[in-house]
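So the structure is just underneath, and the comments pick up after that.
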Amino acid sequence: MSIDAEAIADRRRLRRKLSFWRVAGFSGLIAAVAAIGYAAADRAGYGAIQNQIARISIDGVITGNQRLADLMQRVGDSSAVSGVVISINSPGGTTTGSEELFRNIRRLSEKKPVVTFVDGTAASGGYITAVATDYIVARETSIVGSIGVLFQYPDLSGLMGQVGVKLEEVKSSPLKAEPSPFKPTSPEARAAMQAVVNDTYDWFKTLVRDRRRLSESELAAASTGQVFSGRQGVPLKLVDKIGGERDAVAWLEQNKGVAKDLPIRDWKPSSDRDLSLFAMSATMADLFGFERVADALRRTSSQAEVAQLDGLLAVWQPLEK
């Protein structure tokens with residue numbers, strides 16, 4: 001064998017050895033991480049998959065959210081989850097987003113017992129979310145209600161007149177693209193939009209009436225569009241009990257057969273960054289019960305998202321003076 005041939009053979013043998021040790025090293029790293037995780041779980045007093053109550057938080061403005069829908073699917077399919085607390089702090093959002101969230105919670109309730117805890121505000125679309133469960137617990141000073149629908153648009157016609165701009169349009173019918181921010185709203189356009197608002201408002205009221213088992217007189221008193229405190233919501237039948245999250249969990253234990261003293265674990269929607277090192281580490285930390293570590297990792301990897309609202313709104317908008 002020539003010297004060149006021997007050198008080539010030596011290089012090939014060396015590459016094979018390097019490949020073997022790379023694979024072995026990577027496998028050893030995975031095994032070490034798993035062993036540390038299992039050991040930590042054992043020291044904490046529970047196994048790798050711990051029976052738990054899942055907490056799903058609905059915060060901020062509600063819009064259509066496929067990730068949240070996927071989260072509820074995962075919670076519903078998890079054998080580790082014995083019950084679910086829907087923790088709400090939201091002024092509402094789009095009617096379509098609120099409807100989607102309501103239906104997703106109803107589907108989840110077919111698999112797991114679910115209860116609502118109003119941890120701040122459940123107004124408009126937030127209250128649509130709350131009535132998706134069979135029991136609502138709120139703090140005394142929580143905000144609930146605001147049963148109503150809103151459609152807003154600007155009128156820029158006066159400003160356009162001042163700057164000398166005029167809009168010309170050709171359209172297929174008088175009500176196409178109405179109302180328009182570029183001209184005063186015609187009586188016909190206003191009536192058409194009012195009909196849509198009224199129809200959606202009827203849908204909202206029917207939802208509340210059926211889910212909260214209200215008489216027509218009780219519904220009329222609760223659906224004026226105003227907000228109520230948690231204390232006011234009890235006699236109006238908008239809230240079942242004043243209390244905290246522990247009271248919501250107690251209802252699951254006493255009425256839905258959920259085992260007592262289960263830990264409550266936050267379940268969060270996935271994101272586009274879920275394959276990042278931080279996200280995967282946070283998921284592993286959640287699995288083994290290290291909530292603070294998981295939250296810190298998610299804060300490190302999170303990015304701000306801007307909510308865009310289109311269409312009819314079921315949202316509480318307090319005015320500051």
Query raised in the report: Is it true that a side-chain atom of Ser82 and a backbone atom of Ile53 form a donor plus acceptor pair closer than 3.5 Å?
Result: no

**Report entry** Chi angles and distances behind the side-chain contact (heavy atoms from CB on, under 4.5 Å) call for Ile136, Arg212
**Finding:** CA-CA 10 Å; Ile136 300 174; Arg212 300 301 300 169; 3.7 Å; yes

Query raised in the report: By salt bridge (Lys or Arg N to Asp or Glu O under 4.0 Å), which residues pair with Arg190, not counting sequence neighbours?
Result: none

Requested in this report: State, yes or no, whether a side-chain contact exists between Glu188 and Pro174 at a heavy-atom distance under 4.5 Å.
Outcome: no

Query raised in the report: Where do Pro179 and Met193 come nearest, in terms of heavy atoms and distance?
Result: CD-CG, 3.4 Å

Query raised in the report: Short question: side chain of Arg209, backbone of Leu219 - any donor-acceptor pair under 3.5 Å?
Result: no

Query raised in the report: Distance-only, no hydrogens or angles: does the Lys205 side chain make a donor-acceptor pair with backbone N or O of Val208 under 3.5 Å?
Result: no

Report task. Could you tell me whether the side chain of Ile143 reaches within less than 4.5 Å of the side chain of Val118, counting heavy atoms only? Result -> no

Report summary line: When rounded to the nearest 0.5 Å, the distance separating CG of Asp247 from CD of Gln254 is 9.0 Å

Report summary line: When rounded to the nearest 0.5 Å, the distance separating OH of Tyr201 from CD1 of Ile147 is 7.5 Å

**Report entry** Ser78 (side chain) donor-acceptor with Arg74 (main chain) under 3.5 angstrom
**Finding:** no

Report summary line: So the salt bridge (charged side-chain N to carboxylate O under 4.0 Å, His left out) pairs with at least one residue in residues 140-153 (sequence neighbours excluded) are Glu140-Arg231

Query raised in the report: Is any side-chain heavy atom of Leu68 closer than 4.5 Å to a side-chain heavy atom of Ile56?
Result: yes

Query raised in the report: With sequence neighbours left out, which residue pairs that include part of residues 90-129 fulfil the ring-ring contact (aromatic ring centres under 6.0 Å, His included) condition?
Result: none

Report task. Side-chain contact test, heavy atoms from C-beta onward, threshold under 4.5 Å: evaluate it for Pro113 versus Leu252 and give yes or no. Result -> yes

Query raised in the report: If only atom types and distance count, is the side chain of Thr129 paired as donor or acceptor with the main-chain N or O of Gly125 below 3.5 Å?
Result: yes

**Report entry** From CA spacing to verdict: side-chain contact (heavy atoms from CB on, under 4.5 Å), Glu169, Lys176
**Finding:** CA-CA 11 Å; Glu169 61 183 8; Lys176 176 63 178 174; over 6 Å; no

Report summary line: Heavy atoms of Ser109 and Val114 approach each other most closely as CA-CG2, 3.8 Å

Query raised in the report: Where the side chain of Arg211 meets the backbone of Val131, is there a donor-acceptor pair that is under 3.5 Å apart?
Result: yes

Query raised in the report: Just wondering, do Leu101 and Met72 contact through their side chains at under 4.5 Å, heavy atoms?
Result: yes

Report task. For residues 78-101, pull every pair meeting salt bridge (charged side-chain N to carboxylate O under 4.0 Å, His left out), keeping only residues two or more places apart or in separate chains. Result -> Glu99-Arg103

Query raised in the report: Hey, does Arg139 have a side-chain heavy atom less than 4.5 Å from the side chain of Asp119?
Result: yes

Requested in this report: To the nearest 0.5 angstrom, please state how far the OG atom of Ser223 sits from the CD atom of Glu218.
Outcome: 11.5 Å

Query raised in the report: Can you name the closest pair of heavy atoms from Pro269 and Leu71 and give their distance?
Result: N-CD2, 3.7 Å

Query raised in the report: Is the shortest heavy-atom distance from the side chain of Asp134 to the side chain of Lys256 under 4.5 Å?
Result: yes

**Report entry** Over 12 non-hydrogen atoms of neighbours within 6.0 angstrom of CZ in Arg246
**Finding:** yes

Requested in this report: Mind checking ring pair (Phe, Tyr, Trp, His ring centres under 6.0 Å) for Tyr135 and listing every partner two or more places apart, or none if nothing turns up?
Outcome: Trp251

Report task. Applying side-chain contact (heavy atoms from CB on, under 4.5 Å), run through Val144 and Val227 and close with a yes or a no. Result -> CA-CA 6 Å; Val144 298; Val227 295; over 6 Å; no

**Report entry** Shortest non-hydrogen contact from Ala69 toward Asn104
**Finding:** CB-ND2, 3.4 Å

**Report entry** From OG1 (Thr95) to CD1 (Ile62), nearest 0.5 Å
**Finding:** 11.0 Å

Requested in this report: Can you see which heavy atom on Ile128 is nearest to which on Trp203, and at what distance?
Outcome: CD1-CZ3, 3.9 Å

Query raised in the report: Should we say atom NZ of Lys166 is surrounded by more than 12 heavy atoms from elsewhere, each under 6.0 Å from it?
Result: no

Name each donor-acceptor pair under 3.5 Å that joins a side chain in residues 83-92 to protein atoms two or more places apart or in another chain, with its distance.
residue	atom	partner	partner atom	Å
Asn89	OD1	Thr121	N	3.1
Ser90	OG	Gly60	O	2.5
Ser90	OG	Gly92	N	3.0

Report task. Supply the atom-to-atom distance Thr224 OG1 to Leu236 CG, rounded to the nearest 0.5 angstrom. Result -> 9.0 Å

Requested in this report: Apply side-chain contact (heavy atoms from CB on, under 4.5 Å) to the pair Arg55 and Val249, showing each step before the final yes or no.
Outcome: CA-CA 10 Å; Arg55 179 193 295 120; Val249 172; over 6 Å; no

Query - Donor-acceptor contact below 3.5 Å, side chain Lys112 vs main chain Val81 - result: yes

Query - Euclidean distance, Ser124 OG relative to Phe204 CZ, rounded to 0.5 Å - result: 5.5 Å

**Report entry** Shortest non-hydrogen contact from Gly244 toward Val137
**Finding:** O-CG1, 3.7 Å

